[in-house]
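Structure, as structure tokens:
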Protein chains: 2
Amino acid sequence: MVTIKDISKKSGFSTSTVSKALNGSSEIGEETSELIKKVANEMGYFPNAAARLLKTKHSNNIGVLFIDEMQSGLAHEYFSAVLNSVKDEAERLGYDMTFISRNIGRKPMSYYNHCKYRNCDGVVIACVDFNDPEVIELIQSEIPTVTIDHIFNDCTAIMSDNLKGSSELVQYIYDKGHRKIAFIHGENTSVTQRRLSGFYSTCKKLGINVPNEYIKPARYHDPKSSGLATRELLNLKDPPTCIMYPDDFSFIGGMNEIEKHGLKIPDDISVAGYDGIYLSQVLRPQLCTFKQNTEALGKEAARNLIMAITDRKTFVPKQIWIEGELLAGKSVKETDF
Amino acid sequence: MVTIKDISKKSGFSTSTVSKALNGSSEIGEETSELIKKVANEMGYFPNAAARLLKTKHSNNIGVLFIDEMQSGLAHEYFSAVLNSVKDEAERLGYDMTFISRNIGRKPMSYYNHCKYRNCDGVVIACVDFNDPEVIELIQSEIPTVTIDHIFNDCTAIMSDNLKGSSELVQYIYDKGHRKIAFIHGENTSVTQRRLSGFYSTCKKLGINVPNEYIKPARYHDPKSSGLATRELLNLKDPPTCIMYPDDFSFIGGMNEIEKHGLKIPDDISVAGYDGIYLSQVLRPQLCTFKQNTEALGKEAARNLIMAITDRKTFVPKQIWIEGELLAGKSVKETDF
DNA sequence: TATTTTTACGAAAACGATTACGTTGCAAAT
DNA sequence: ATTTGCAACGTAATCGTTTTCGTAAAAATA
């Protein structure tokens, strides 16, 4: 490995001069600067991140916290799409991305300590249990963080506009003539809470009566759980004409259950999902859903995190709402009321 | 930040003793060792990765090279599943995972240099253009690497058994009575080459005649491209009764084209995919496909890479074949011949 | 008892960079 | 002629560990 010492020897300048020249300091004369750079190139020099980091404390590396309850991990299409976008934008801005886990070298370690250990300049937090004390510890620490789809005090949040999304879906379903709309909502996350709120408020606005039995809890991103909820809904004396699901993925469970009941989508029952994952658009019939802008979400997350890192003093936490787009699909049937 | 110096002062022992005690060296007496650990705990000490790395050269961090031509990145379901498994196993073994890009801090840098810069202990290479000189440079370097789905000299490879997979598919389709089987094959990757070989050899074994016009090139993981190939196949004077696709994802393009032609799967034409991604099993009809064992692939990749890192001297490169499983689905119709 | 070995610890030198501060030489200002 | 200022470069400390090599005392051996 060739170091600045080697360059120093070969070029005859001191290591500090070499360092400064290589970092483009104006302190060094143009000629020497050029010479040093030339020598460095010839010798195949590149800096050692560890040594540099030890002094500067800047790693040019951001961490991502990305662990979901359902263990789907990177197979979670929505989040992996967001993450991919984070990665692309971070790379464009010169940052690498490292996954943060709870252990290091076989020793357990909190998220926060892990980040400090790895000297992450900042952290993107997505798809985790936001009630986890360790997550809270990390967010409240001095390390810049941005969260995706969850709002914390004094922490920049990139939010997919779930309220608006579910609201638009309800409006669309209403416009198609439906008045008996059921909602299966994922439990215990702020994301699904917002979707539920959007559902309620829009129903109220439109004057739709929603019996309690039309609201079923289910686990987020869990087809089985939504399947059970679907069964209950279909067995009601007065079943709904349209069922809204927590997310596209969960809908699959519902779809199977609807098939078992011998019903056809959308002729016998209408359905809508959420997310707009690829799958939803290749199903037959195409699923009516709300597509989240994963690319914008990830990009904004990376950009804002890096801004927070760079302008640490002046940066103020903010919330950024990313809008999505209704994909009508063909799973909601025009109906009379 | 509390350092071993602080512990040294507080405990009265030298920094070297502290370091040794903390690292469990047998050189240090049990009592002092316990005392030092206690003090370290009280003070909330944990090591600084940069400083440690600077001396030891071990980062406990592995890099992943993961850039596909189609830019689907982490949205590539097969690879993201593999990667997730790599991550889980690596974490279990005490390693973190960092993405390797071509630039760092806005400066371009080769993959190899990037790995050296970040001091990656090893690299997992997947889903890239294996002809890229930079990739080759990395593989031939002193950094331990494992490749997924591609064989290089002197480099451990974790291989999904594509030959066997496509072979089993052909056999299954044959058993269902089909004799006019077309094959759309992805271009230019060793993965798709193997699938093609499996197709050819099994056809030969079974005595199936394969006219040239039944073999269509298309881009791997590209629905549009497979859609075009499908159209050509359907327009043949003597069209096939079954079409095999490069992968499940590509099949979607074919599916749309088949729909456009007013044909029904599987009544009018049978189809088969490859990969066994989630999508394939929720399509109606369920897709006949070959499910690759992504979990085993990722796990083996991580395990072998870390073995290569740990036993650098004795480790010999090897090839590990991971078997998959045929998912019959309902897209291949029983037919007479 | 005299000698060797072992045990338990410390001093100091790395690792490879950055950076505050010091030192020149020389031109410009006084 | 003296002072000042600045450009251009060097010295040396520093970041937080690990590790080699010593060394004193204790234990084992002869």
Side-chain angles (χ1 to χ4, degrees), chain A residues 1-37 39-40 43-61 104-105 107 109 113 115-121, chain B residues 1-37 39-40 43-61 104-105 107 109 113 115-121:
Chain A
M1 173 176 258
V2 30
T3 74
I4 55 171
K5 266 188 193 164
D6 302 321
I7 301 176
S8 164
K9 272 183 195 160
K10 193 144 197 170
S11 67
F13 291 97
S14 73
T15 58
S16 47
T17 302
V18 172
S19 173
K20 286 169 191 164
L22 257 27
N23 287 316
S25 165
S26 60
E27 223 182 299
I28 307 300
E30 200 162 332
E31 283 179 46
T32 23
S33 201
E34 287 307 315
L35 177 75
I36 288 173
K37 280 179 189 166
V39 174
M43 301 181 75
Y45 168 83
F46 63 84
N48 179 311
R52 174 177 280 178
L53 170 56
L54 192 55
K55 276 295 287 185
T56 64
K57 312 285 183 200
H58 302 307
S59 62
N60 276 305
N61 192 48
I104 182 76
K107 300 257 178 274
M109 182 177 269
N113 282 344
C115 289
K116 284 190 75 175
Y117 178 76
R118 284 278 178 221
N119 291 283
C120 291
D121 289 340
Chain B
M1 173 177 259
V2 30
T3 73
I4 55 170
K5 267 188 192 163
D6 302 321
I7 301 176
S8 164
K9 272 184 197 160
K10 193 145 197 168
S11 69
F13 291 97
S14 74
T15 58
S16 40
T17 302
V18 172
S19 173
K20 285 168 190 165
L22 258 27
N23 287 317
S25 165
S26 61
E27 223 181 301
I28 306 300
E30 200 163 331
E31 283 178 45
T32 23
S33 202
E34 287 307 314
L35 176 77
I36 288 173
K37 280 178 188 166
V39 174
M43 300 182 74
Y45 168 83
F46 61 86
N48 179 311
R52 173 176 281 179
L53 171 56
L54 190 56
K55 278 295 288 185
T56 64
K57 311 287 185 200
H58 302 307
S59 61
N60 277 305
N61 191 47
I104 182 75
K107 301 257 176 272
M109 182 177 270
N113 282 343
C115 289
K116 286 190 74 174
Y117 177 76
R118 284 274 178 223
N119 291 284
C120 292
D121 290 340

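A, B, ... follow the sequence lines: proteins, then strands. Residue 1 opens every chain.
Residue contacts for A:Ser19: at a heavy-atom cut-off of 4.0 Å it reaches a base atom on one of the strands shown.
Atom CG in A:Leu35 sits about 15 Å away from atom P in D:dA8, given to the nearest Å.
With sequence neighbours excluded, the residues that form a side chain to side chain contact (heavy atoms under 4.5 Å, CB included) with B:Asn113 are A:Phe46, B:Met109, B:Ser110. Qualifying side-chain hydrogen bond (donor to acceptor under 3.5 Å, both in side chains) partners for A:Tyr45, counting only residues two or more places apart in sequence or in other chains: none. Applying the side-chain hydrogen bond (donor to acceptor under 3.5 Å, both in side chains) test to A:Asn48 and every residue at least two apart in sequence or in another chain returns nothing. Residues satisfying the side-chain hydrogen bond (donor to acceptor under 3.5 Å, both in side chains) criterion with A:Ser33, sequence neighbours excluded, are absent altogether. By the side chain to side chain contact (heavy atoms under 4.5 Å, CB included) test, A:Lys55 pairs with no residue at all, sequence neighbours left out. Partners of B:Lys5 according to the side chain to side chain contact (heavy atoms under 4.5 Å, CB included) rule, which considers only residues two or more places apart in sequence or in another chain, are B:Thr3, B:Thr15.
When all heavy atoms of B:Ile7 and B:Ala40 are compared, the closest pair comes out as CD1-CB, 3.6 Å. Residues A:Ser11 and A:Val39 approach most closely at CB-CG2, 4.4 Å, considering heavy atoms.
End-to-end axis angle of the helix from C:dT1-D:dA30 to C:dT30-D:dA1, using five pairs per end and rounding to 10°, comes to 50°.
Residues from residues 9-18 of chain A with heavy atoms under 4.0 angstrom of DNA chain D, sorted by number: A:Gly12, A:Phe13, A:Ser14, A:Ser16, A:Thr17. Within a heavy-atom distance below 4.0 Å of DNA chain C, the residues of residues 45-59 of chain B found are B:Leu54, B:Lys55, B:Lys57.
Side-chain N or O atoms of B:Asp121 include none that pairs as donor or acceptor with a backbone N or O of B:His58 at under 3.5 Å.
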Identify all side-chain donor-acceptor contacts of residues 16-29 of chain A below 3.5 Å with residues at least two apart in sequence or on another chain.
| unit_1 | atom_1 | unit_2 | atom_2 | d |
| --- | --- | --- | --- | --- |
| A:Ser16 | OG | A:Ser14 | OG | 3.0 |
| A:Thr17 | OG1 | A:Ser14 | OG | 3.1 |
| A:Lys20 | NZ | A:Glu27 | OE2 | 3.4 |
| A:Asn23 | ND2 | A:Ser19 | O | 3.1 |
| A:Ser25 | OG | A:Glu27 | N | 3.1 |

Any N/O pairs under 3.5 Å between the protein and nucleotides 22-27 of chain C? List them or say none.
none

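Comparing C:dA17, C:dC21, C:dC15 against the side chain of A:Lys5 picks out C:dC15 as the nearest.
Distance CG/A:Asp6 to CE/A:Met43: 5.0 Å, rounded to 0.5 Å.
For the pair B:Glu30 and A:Leu22, nearest-nucleotide mapping onto DNA chain C gives the more 5' position to B:Glu30.
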